[in-house]
Asker: 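Here it is, the structure, as structure tokens.
So you know, we letter chains A, B, ... as the sequences are listed, proteins then strands, and number each from 1.
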Amino acid sequence: MKLSMWTYEGPPHVGAMRVATGMEKLHYVLHAPQGDTYADLLFTMIERRDRRPPVTYTTFEARDLGSDTADIFQSTLKKTVEREEPEAIIVGASCTAELLQDDPGGLSKSANIDIPVIPLELPSYQRKENWGAAETFYQIVRHLTASSLGLGTAQANGDNSKAQPSCNLLGPTALGFRHRDDVIEITRLLSTLGVAVNVVAPMGATPSDIARLCDADFNIVLYPETGQLAAKHLEKTFGQPFTKTIPIGIGATKEFIDEIVELAGLQDSADRSVDEGNLSWWSRSIDSNYLTGKRVFVFGDATHAIAAARIATEELGFELVGLGCYNREFARELRTAAAQYNVTPLITDDYLEVEKAIAETQPELVLGTQMERHIAKRLNVGCAVISAPTHVQDFPARYAPQMGFEGANVIFDTWVHPLVMGLEEHLLGMFTDDFEFNEASGPSHLAHGKTPQTAQSGETTRASTTNVVNWTDAAEKELKKIPFFVRGKARRNTETYAQLQSLTEISVDTLYDAKAHYGQ
Amino acid sequence: MTPPLDIASPSCPDPGERSVQERPVLRERGQREVFCGLTSIIWLHRKLQDAFFLIVGSRTCAHLMQSAAGVMIFAEPRFGTAIIDDKDLAGLTDPFDELREIIDSIVARRPALKTVFLVGSCPSEVIKLDLSKIADRLNSDLAGQPRVLSYSGSGIETTFTDGEDACLNAIVSNIGSIQQTRATKKSLLVVGALADIVEDQFARHFGDLGIEHVSFIPSNATAEKAEFGPNTSFVLAQPFLRETARTLTDKGGKFIPAPFPFGLEGTRAWFKAIADEFDIPHKRVNDVLASAETRASKALANARSEFEGTRVFFFPDSQLEVPLARFLSRELGAEIIEIGTPYLHTEIMKPELDLLGTNILISEGQDVDAQLRRCRSAKPDLTVCGMGLGNPLEAEGLTTKWSIELVFSPIHGFDQALDLANLFLKPLRRQKRLALS
């Protein structure tokens with residue numbers, strides 16, 4: 001057993017729900033007790049869905065155990081098929097029903113349903129939500145494209161000589177971070193390149209759409225967490241190659257375009273005069289000078305975290321001080337990226353570890369999930385959300401993709417907004433004692449003032465450093481004049497320096513000696 | 001599952017008995033769109049500040065807890081989930097050792113904890129993990145520092161507010177002999193979590209009525225503080241506390257049957273029932289309650305003119321549905337189409353049902369798709385339902401009220417009667433303001 005106060009990912013059947021809810025004309029019969037219906041409100045509340053998720057729960061009770069839970073499953077399945085008239089159905093068990101070993105797949109077979117029934121095996125005590133979504137989507141694709149086996153792809157049929165090249169967009173689900181808008185943005189981009197979108201799946205696809213996935217020339221995996229397993233299957237079975245670049249940020253979007261052009265065979269004909277948006281110029285404009293070297297900590301799902309690390313360093317000129325993800329399935333990719341940026345990779349689903357890492361690295365900006373937003377708030381650091389899990393406010397009414405060039409515009413605005421602006425920052429640093437205009441009042445363009453008490457937490461590691469050296473009152477006073485967002489680091493460096501020099505007391509001079517020493 | 005509770009009948013053989021039995025109750029069995037009992041930890045952990053609630057369950061339980069409360073996150077919540085994994089299921093670990101280690105780590109961070117609740121879940125029930133036995137062993141190991149109690153909040157046994165019943169039942173089952181010898185004077189025990197402000201108001205009224213020995217459960221360090229003895233009478237402040245009431249009755253407490261203190265009428269009847277039990281003259285009761293009653297009465301007059309004739313449909317959620325429907329129908333002039341409730345405990349609910357009249361359909365249990373069909377065809381002006389149904393019904397053109405807000409807001413008592421009315425009026429007012437379709 002492991003204690004969890006909060007979890008980045010739900011159980012795997014919630015992943016299956018994200019796939020089912022994203023799709024049309026597919027229904028999910030879930031063998032589950034009362035209470036598991038809580039998951040409906042993730043979709044109806046957080047994503048403001050105007051329909052109930054297409055999930056029917058068997059709702060067995062204690063008195064049913066050992067007698068007729070299997071019957072309850074079968075009768076629920078039959079009634080659901082009659083009521084919902086789906087094109088296909090997925091069946092599975094939540095954590096409790098898994099223990100009953102009723103075998104929903106086997107029970108469905110003997111129920112003689114005349115539509116495709118896809119059984120899911122999602123081990124709740126080993127796996128989590130993203131894996132559940134990927135596995136569910138893979139099983140749906142595997143079952144529903146099986147009848148197309150042997151037909152070969154459009155490519156194999158020689159269709160692509162006459163028609164426009166086409167692709168599928170794989171991975172977007174319900175409750176995904178900006179999936180709705182990413183699909184629109186990437187579809188637009190593909191259209192300017194002259195590539196048609198055959199099917200978007202799971203989001204918006206019906207089971208019959210899934211059956212014609214193999215008509216496309218290649219696949220675009222927007223979210224490896226949910227789409228890569230299915231893409232690998234399609235590659236193996238139908239010879240459809242798939243993209244590896246995630247088009248988040250200017251550089252990645254350009255590489256993505258190169259990859260598409262190559263896969264679509266459009267080297268000679270593609271129109272590459274795409275409007276690249278504003279990020280490049282905004283970031284090069286002199287106002288953005290103050291962004292240089294801002295310390296940023298990144299945590300999220302691996303795909304979004306790795307993309308954010310690249311934008312932060314290459315496109316905004318920040319300094320990456322931490323990089324991590326909560327999904328172990330993509331730990332290798334994250335470790336590779338962390339090595340490239342020379343930071344320690346953090347792979348954990350324990351938010352307290354993340355909080356500790358953030359406190360220790362003392363970033364000026366945190367890019368993370370809704371949990372990092374809470375952590376950043378506690379530590380009084382600016383934050384922008386870059387990854388699921390997210391809260392209702394991260395499903396904006398406006399168009400706000402992360403992918404493509406418009407996504408880069410959105411990212412620039414979103415990430416820069418929490419920071420104290422350039423000249424303001426200088427003035428805060430120069431005149432620390434102004435009674436109205438000081439660090440405790442926070443960035444002037446943000447409405448919520450910060451209380452002096454929380455502003456102190458910029459020095460969060462103070463208690464954790466071993467205080468073998470004493471600060472003179474004058475040095476302590478001088479330290480207060482250093483802007484709060486670097487004060488903790490200055491304190492730590494000075495103490496380390498004092499220890500190196502075997503000093504027992506830190507004077508004002510020691511403070512500046514240390515500054516000179518570490519500033520070299 | 002449990003035998004019928006027989007707490008109302010011995011003291012008062014009753015003319016209303018028949019109306020209860022004649023009432024048609026639609027009993028349904030199908031998909032339930034309700035929370036399990038674990039969810040009640042969301043308010044219990046705020047009420048019991050010296051307790052930690054440790055759910056022994058799955059990732060689903062942990063995910064439920066953070067999602068059900070609107071994904072709220074506390075700096076470090078006083079609840080958590082010991083997530084069972086493969087090794088535990090394969091019997092490679094000893095659940096006692098596992099839980100001991102987790103409790104040690106919790107206590108290390110919170111040395112002031114007085115109580116740890118081990119809370120059973122669907123998975124722990126299905127694998128027959130005996131948490132009460134583990135709690136006993138932990139108690140002898142830890143010597144009561146903190147003490148460990150156990151109960152089940154599993155969805156296969158409990159619905160939403162039942163979790164509070166199970167928790168309070170664990171607390172009152174633990175009321176020991178010390179309290180029994182100490183409290184020989186006539187005393188009152190008020191059972192059910194109340195908002196702090198309501199508890200204070202009620203305590204003032206009891207003081208003014210001359211009832212000297214009053215305890216509320218739950219409160220911090222509950223079992224140590226509560227007065228309970230042969231002369232203790234108890235009254236329920238919440239309608240979902242059947243098991244707790246049974247245990248208190250078994251221990252010699254005297255049950256005071258009463259309508260629940262919602263709205264002016266319910267609150268007055270509740271206090272009168274208590275006052276009768278303590279032989280307080282009617283005149284004194286009237287004098288003590290007069291000013292609060294007048295305030296409530298004035299406050300509700302406008303609300304009634306606004307709400308009169310509103311057709312209301314209740315989906316099952318918290319078991320508060322029957323008393324709330326009674327309030328809406330009798331004090332605000334609503335027309336109630338259906339009262340859905342997870343369970344209808346007729347013994348506890350009898351005083352409410354007597355007020356309600358027999359022509360209103362009550363449904364017990366749930367088959368959500370069938371109930372949605374009834375709701376759609378009735379086209380109510382206001383549908384009271386959970387968060388999973390709210391937006392879908394709004395999208396179909398029905399005006400809804402989130403039921404969970406009724407559990408998380410101070411709605412008991414005279415001075416909250418208008419707040420309660422306003423909770424139902426707000427969606428209707430919003431509907432009138434918006435020029436959108």
Side-chain angles (χ1 to χ4, degrees), chain A residues 1-7 9-14 32-46 48-53 56-65 76 79-80 83 94-100 123-126 128-129 351-352 370-371 374 378 389 391-392, chain B residues 1 30-39 54 56-64 66-68 70-71 73 75-77 79-86 88-89 93 95 98-99 102 105-106 121-123 125-127 154-157 159 366 368-369 386-392 394-395:
Chain A
M1 292 182 204
K2 187 170 188 290
L3 178 64
S4 167
M5 310 274 200
W6 191 86
T7 157
E9 292 184 77
H13 73 260
V14 168
Q34 156 178 277
D36 283 3
T37 51
Y38 82 86
D40 284 359
L41 71 87
L42 300 170
F43 301 92
T44 60
M45 294 298 288
I46 296 178
R48 301 177 204 260
R49 293 226 162 215
D50 61 359
R51 280 179 291 169
R52 292 167 62 211
T56 299
Y57 305 75
T58 55
T59 315
F60 56 84
E61 298 174 32
R63 62 181 173 196
D64 305 319
L65 298 179
T76 306
K79 272 192 258 174
T80 304
R83 189 184 65 236
S94 77
C95 54
T96 308
E98 185 184 331
L99 299 169
L100 303 180
S124 308
Y125 299 91
Q126 295 168 26
K128 288 183 265 184
E129 179 178 334
Y351 78 89
L352 294 171
Q370 59 155 316
M371 179 44 92
H374 285 268
R378 278 200 287 283
H391 206 350
V392 64
Chain B
M1 196 170 55
Q31 177 177 326
R32 287 185 165 207
E33 193 74 24
V34 289
F35 290 137
C36 64
L38 295 179
T39 327
L54 180 59
V56 183
S58 64
R59 182 166 301 281
T60 313
C61 306
H63 198 234
L64 157 88
Q66 71 194 45
S67 310
V71 200
I73 298 160
E76 250 200 84
F79 61 81
T81 308
I83 297 182
I84 298 169
D85 61 30
D86 271 9
D88 304 309
L89 292 177
T93 57
E98 299 283 302
L99 289 170
I102 287 174
S105 75
I106 292 166
S121 65
C122 297
E125 295 294 324
V126 168
I127 62 172
S154 83
I156 56 177
E157 292 159 304
T159 298
Q366 192 173 28
V368 71
D369 289 288
M387 292 189 284
L389 299 176
N391 272 334
E394 291 279 351

Asker: What option among A:T7, A:V14, A:D64 has the most heavy-atom pairs under 4.5 Å with chain B?
Answerer: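 The residue among A:T7, A:V14, A:D64 with the greatest pair count is A:T7.
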Asker: Around atom CZ of A:R51, are there more than 12 heavy atoms of other residues, nucleotides or ligands at under 6.0 Å?
Answerer: no
Asker: Out of A:E129, A:R83, A:H13, return the one with the most heavy atom pairs under 4.5 angstrom to chain B.
Answerer: A:R83
Asker: Who passes side-chain hydrogen bond (donor to acceptor under 3.5 Å, both in side chains) against B:T81, sequence neighbours left out?
Answerer: none
Asker: So, taking the atom named CG in B:N391 and the one named CZ in A:R49, what distance separates them when rounded to the nearest 0.5 Å?
Answerer: 11.5 Å
Asker: Contact between A:Q34 and B:V34 at the side-chain level, heavy atoms closer than 4.5 Å - yes or no?
Answerer: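 Touching, per the 4.5 Å side-chain cut-off.
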Asker: So, for A:A62 and B:E157, which heavy atoms are closest and what is the spacing to 0.1 Å?
Answerer: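 Taking A:A62 first and B:E157 second, the nearest heavy atoms are CB-CG, 3.8 Å.
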Asker: Tell me, do B:D85 and A:K2 make a side-chain contact under 4.5 Å, heavy atoms counted?
Answerer: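 Not touching, per the 4.5 Å side-chain cut-off.
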Asker: How many angstroms lie between atom SG of B:C122 and atom CG of A:L100, to the nearest 0.5 angstrom?
Answerer: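 Answer for the SG-CG pair, B:C122 versus A:L100, is 10.0 Å.
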Asker: B:T60 side chain to A:P11 main-chain N or O, any donor-acceptor pair under 3.5 Å?
Answerer: no
Asker: Looking at every heavy atom in both B:F79 and A:M5, which two are closest together, and how far apart are they?
Answerer: O-SD, 3.5 Å
Asker: What residue in B:G80, B:S121, B:P95 has the most heavy-atom pairs under 4.5 Å with chain A?
Answerer: B:G80
Asker: What's the shortest heavy-atom distance between A:T44 and B:G388, and which atoms?
Answerer: CG2-O, 3.3 Å
Asker: Please report the shortest heavy-atom distance between A:T96 and B:P123, naming the atom on each side.
Answerer: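 A:T96 and B:P123 have their closest heavy atoms at OG1-CD, 3.6 Å.
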Asker: For a quick test of reading the model, state the closest non-hydrogen atom pair linking B:S67 to A:L41 and the distance between them.
Answerer: O-CD1, 3.6 Å
Asker: Which heavy-atom pair separates B:H63 from A:E9 by the least distance, and what is that distance?
Answerer: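 Looking at all heavy atoms of both residues, the shortest contact is CD2-C, 4.4 Å.
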Asker: Let me confirm one number: the CD1-OG distance from B:I83 to A:S124, rounded to the nearest 0.5 Å.
Answerer: 11.5 Å
Asker: Find out whether B:E33 and A:R52 are in side-chain contact, i.e. whether some heavy atom of one side chain is under 4.5 Å from a heavy atom of the other.
Answerer: yes
Asker: Is chain A contacted by the side chain of B:L89, its backbone, both, or neither, given a heavy-atom distance below 4.5 Å?
Answerer: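 Side chain only.
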Asker: Which atoms of B:D86 are under 4.5 Å from chain A, going by heavy atoms: the side chain, the backbone, both sets, or neither?
Answerer: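 Both parts, backbone and side chain.
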Asker: Regarding A:T37 and B:Q31, do their side chains bring together a donor and an acceptor under 3.5 Å, going by distance alone?
Answerer: no
Asker: Picking from A:Y38, A:Y57, A:Y125, which has the most non-hydrogen pairs under 4.5 angstrom with chain B?
Answerer: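 Of the candidates given, the most pairs with chain B belong to A:Y38.
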Asker: How long is the gap from CE on B:M387 to CG on A:L42, to the nearest 0.5 Å?
Answerer: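 Output value for this atom pair is 9.5 Å.
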Asker: Report the distance from atom CD1 of B:I106 to atom CG of A:L3, rounding to the nearest 0.5 Å.
Answerer: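 One gets 5.0 Å once the value is rounded to the nearest 0.5 Å.
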Asker: So if I apply the side-chain contact (heavy atoms from CB on, under 4.5 Å) rule between A:M1 and each of B:L99, B:T93, B:L54, which one comes out positive?
Answerer: B:L99
